[in-house]
Engineer: 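My structure is below; once you've seen it, I'll send some questions.
Lettering of chains follows the sequences in order, A, B, ..., and the numbering in each one begins at 1. These numbers come from the heavy atoms of this one structure, side chains and all, not from hydrogens, waters or symmetry mates.
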Amino acid sequence: MKCQEVQKLLVAYLDGEITPSERKLIQAHLAGCAVCQQQVAALAATSSRLGQALLRRGARAAPSPQAWSRLEARLAREAHPAPSRLRVWLAHLAPMASRAFTLIFSGGVTMRKRLVFAALVAVLAMAAVGVLTLNMATPVSAQEILNRAYAAQTAVESQGIQHMKTEFYTNPQAMPGPKPSSGKETKSILESYVDQQTGKTRTVVTDATTGQVISASAFDGTYLYTSGDLGGPVTAFAGASTGGMVFSVNVGDNGPVHTIYRMPKPKGMQNLAVTIQGGPVDAKTLYEAARKDPTAKFIGEQTLSDGRKVYVLQLQHLAQMLQSGPAPANSLPAITSTLYFDKQTYQLVQQQDTIQQNGKEVVFNSIHQLVQETLPSSTRVAWDLSDLKGITVVDDPKGEHGPKLPVTISQQELAARNPKAYILKTVPEGYTMEITAAPIVNKQDPGAYHITYRNSSGDNIMITGGGMLNAEGPQNAKDTYTTRSGLKLRFLEGAGLVSGAPQGAGVTGGMFAQTTGPKQGAPTTHAMVQAPDGTTFDLASTLPRDKLQALAEDLVLLK
Amino acid sequence: MRLMRPAPTSDPTAFAALFEQYKNLVYKTAYFMLGNAGEAEDALQEVFVLVHKGLHTFDPRKGAFTTWLYRITVNYCLNHRRKHSFTDQPLDDAAVLSPGEPLGESFAEEEWIRQAISDLSEKQRAVVILRYYWELPYAEISRILDIPLGTVKSRLDLALRTLRRTLETQEKELDSKPVHKLEARQ
């Protein structure tokens, strides 16, 4: 045997993976060849060092103790697949948040809508205010990070003044769906102060480039301040995975603000101090959904430019246009959200959303938390916005520029504005019916409405339709029921998530305002309903599923 | 390792037992393949989801359960790296040292080795882990990776020679570094 042939077999020889005849030949060659002897000794040393090092390292590598419980939960979820990502997302939000959307999507909000939505996102970031210092010995998986971030954000402090400063970048041209004609990329800074105990709030948004104020709102304990109305079409979308993150709403250019209207606290807007606490509940719901998102992937650790160490996670979403009219089934571009969590506190400090365009990943939205702190209650804050320069405060005693809260409307009014609204043929015995909707701003997009049936023992049945609820049709539905009239009900998991959430929370520029209406029980049963013509609406109730199913037989198109 | 016919997936208790028995096999393989404890944790989940889905397709007459499990794990890791195309990174320091464990020679040795392993190609890394960590016979590696026995031999040969060269280079670099004397500061 020649050296070359022998050398090819040396590793297998050391591993005992050669035939007896090969072994004899190699041994005979080695006896008389110093070069090959040297080679075999070196390879044997390498192999031994390698084996020992791997053994030592392998002995210390072990799965986390939570591995099985995570897997078990995942398998349970997959055994009962989520009806559709967007719908679950809606289910998690509705009915509480859908009321907020009523305001936003109907154009009934007297705020720059893009910023209203930004404020909603900001609350998500703000909710992660709790400081949970966990120094870990080992890096964790995506789910663990989300779990800890969730734990941190549920520990929201109620003492002191929460101060938050966040930078938002939006590139409407890169967003999924129809492009707004005037939408150009914007960078704005939202700064807010919230005193949980007194209910005072202050939110100011400035253009990051010019430094000019583009939106402001505040409540100083007596008066409500707002920078006024803004019309224009709403282009909104939300990213949704099994749960979801809210991204952004764009309404075109926002010029600088010169006037701020001061008005008494509008009727129906109850104690803000109480309702502000509804904010983190919203965020908690969203966060909970993200936490359960099986698409969450741990990307690695990074150091931000300010020196903070972060965990980087990625979530894959489907985008869905949230606008009037059924969306084409294939209009769901994939969105990647990259989330950056502070390694020490687990706060969500950055978010970047990208979409595939012509084979490239384009950033269309990013959120960058600059400050998040709790100041002492004694800190002086200009709750009346008196520190803003170049701005005139105008008294608006009637609140004409104030938030347009949902109003009660008649069946006829509902039929006129939403021709495809469904209603129960007769009001169930012992129940009363109320129809609420935000005042119409845009006739093409009348927005969402709510039909609520309540009885004296706290049960309720709520139909939410219109506007954003035109989502894609049911897919892979397992838990469904079809009424005799052909309405397809898809029962959703997770309705319990909204339990304890205040009903009718509306968003007005960083403030959560309670709308009118008696306190209701949280729904326990939740279904998305699709009519044969494609119309969809949402059905939620405190009643058990069988009762809600029976009642659904009475749903008719409102005429 | 005792070969076990896996329990039906419909029985959660049996699947929990299956997970308990094989979690280390999957986790450690993924840990060495992906070089990161967080990624290995995710791989453990994903692989067992695949096992759960595909257990009914497993045919014990065609091979051992562990062969099948190693194959799913290695394939997951190869696909994952391809999809995420992250640059090769050395094994992280996850669970590197137990509390109180001294930073001794064995630690330095491990550092060399982990650097060297990260320099290997993914395919080479797979054969190295199966052979030098799990100590599997070549024939088993050939079944797991679905490659001819000759390819296992040549990959291991190449991998071990690459490792040897890397380790030699590291040693040379270390030897050539000037030794700084630490002077006591006033």
Engineer: Which region of A:Ala44, side chain (C-beta onward) or backbone (N, CA, C, O), has a non-hydrogen atom less than 4.5 Å from a non-hydrogen atom of chain B, or is it both or neither?
Structural biologist: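 For A:Ala44, no heavy atom lies under 4.5 Å from chain B.
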
Engineer: What closest approach, in Å, do B:Tyr31 and A:Ala61 show between heavy atoms, and which atom pair accounts for it?
Structural biologist: CD2-CB, 3.5 Å

Engineer: Where do B:Phe48 and A:Trp68 land on the side chain to side chain contact (heavy atoms under 4.5 Å, CB included) test, with the steps shown first?
Structural biologist: CA-CA 10 Å; B:Phe48 271 95; A:Trp68 169 250; over 6 Å; no

Engineer: Any idea which of A:Gly16, A:Pro63, A:Ala53, A:Ala12 has the most non-hydrogen atom pairs under 4.5 angstrom with chain B?
Structural biologist: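 Heavy-atom pairs under 4.5 Å are most numerous for A:Pro63.
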
Engineer: Could you go step by step and tell me if A:Gln39 and B:Arg164 meet the side chain to side chain contact (heavy atoms under 4.5 Å, CB included) rule?
Structural biologist: CA-CA 10 Å; A:Gln39 281 244 351; B:Arg164 193 189 121 199; 4.0 Å; yes

Engineer: Could you pull out the closest heavy-atom pair between A:Ala67 and B:Phe19, with the gap in Å?
Structural biologist: CB-CZ, 3.8 Å

Engineer: Heavy-atom cut-off 4.5 Å, strictly under: side chain, backbone, both or neither for B:Leu163 against chain A?
Structural biologist: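 B:Leu163 touches chain A through backbone and side-chain heavy atoms alike.
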
Engineer: About how many Å separate CD of B:Gln45 and CZ of A:Arg74, when rounded to the nearest 0.5 Å?
Structural biologist: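 Separation between the atoms: 7.0 Å.
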
Engineer: So which atom in A:Leu43 and which in B:Leu160 form the shortest heavy-atom distance, rounded to 0.1 Å?
Structural biologist: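 Shortest heavy-atom contact: O-CD2, 4.1 Å.
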
Engineer: Does A:Gln27 have more than 12 heavy atoms from other residues, nucleotides or ligands lying within 6.0 Å of its CD?
Structural biologist: yes

Engineer: Please identify, among A:Leu14, A:Leu10, A:Leu71, A:Leu9, the residue contributing the most non-hydrogen atom pairs under 4.5 Å to chain B.
Structural biologist: A:Leu71

Engineer: Kindly determine whether A:Arg57 and B:Phe32 satisfy side chain to side chain contact (heavy atoms under 4.5 Å, CB included), including the steps that lead there.
Structural biologist: CA-CA 9 Å; A:Arg57 192 158 282 254; B:Phe32 285 125; 4.3 Å; yes

Engineer: Is there a side chain to side chain contact (heavy atoms under 4.5 Å, CB included) between B:Tyr133 and A:Leu50? Walk through the geometry before answering.
Structural biologist: CA-CA 9 Å; B:Tyr133 183 71; A:Leu50 173 66; over 6 Å; no

Engineer: For the candidates B:Arg131, B:Glu168, B:Lys23, which exhibits the highest count of non-hydrogen atom pairs separated by less than 4.5 Å from chain A?
Structural biologist: B:Arg131

Engineer: Heavy-atom pairs under 4.5 Å with chain A: which of B:Val26, B:Val49, B:Asn24 has the most?
Structural biologist: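 The option with the most such pairs is B:Val49.
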
Engineer: I'd like to verify something: which residue of A:Ala45, A:Ala42, A:Gly51, A:Gly300 has the highest number of heavy-atom pairs under 4.5 Å with chain B?
Structural biologist: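 Top option by heavy-atom pairs under 4.5 Å: A:Ala42.
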
Engineer: Between the main-chain N or O of A:Ser64 and the side-chain N or O of B:Glu41, is there a donor-acceptor pair closer than 3.5 Å?
Structural biologist: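 Present.
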
Engineer: Can you run down the side-chain hydrogen bond (donor to acceptor under 3.5 Å, both in side chains) pairs that involve residues 7-17 of chain A, sequence neighbours left out, and say none if there aren't any?
Structural biologist: A:Asp15-B:Tyr132, A:Asp15-B:Tyr138

Engineer: Show the nearest heavy-atom pair for residues B:Leu167 and A:Thr46, with the distance to one decimal.
Structural biologist: CD1-CG2, 4.1 Å

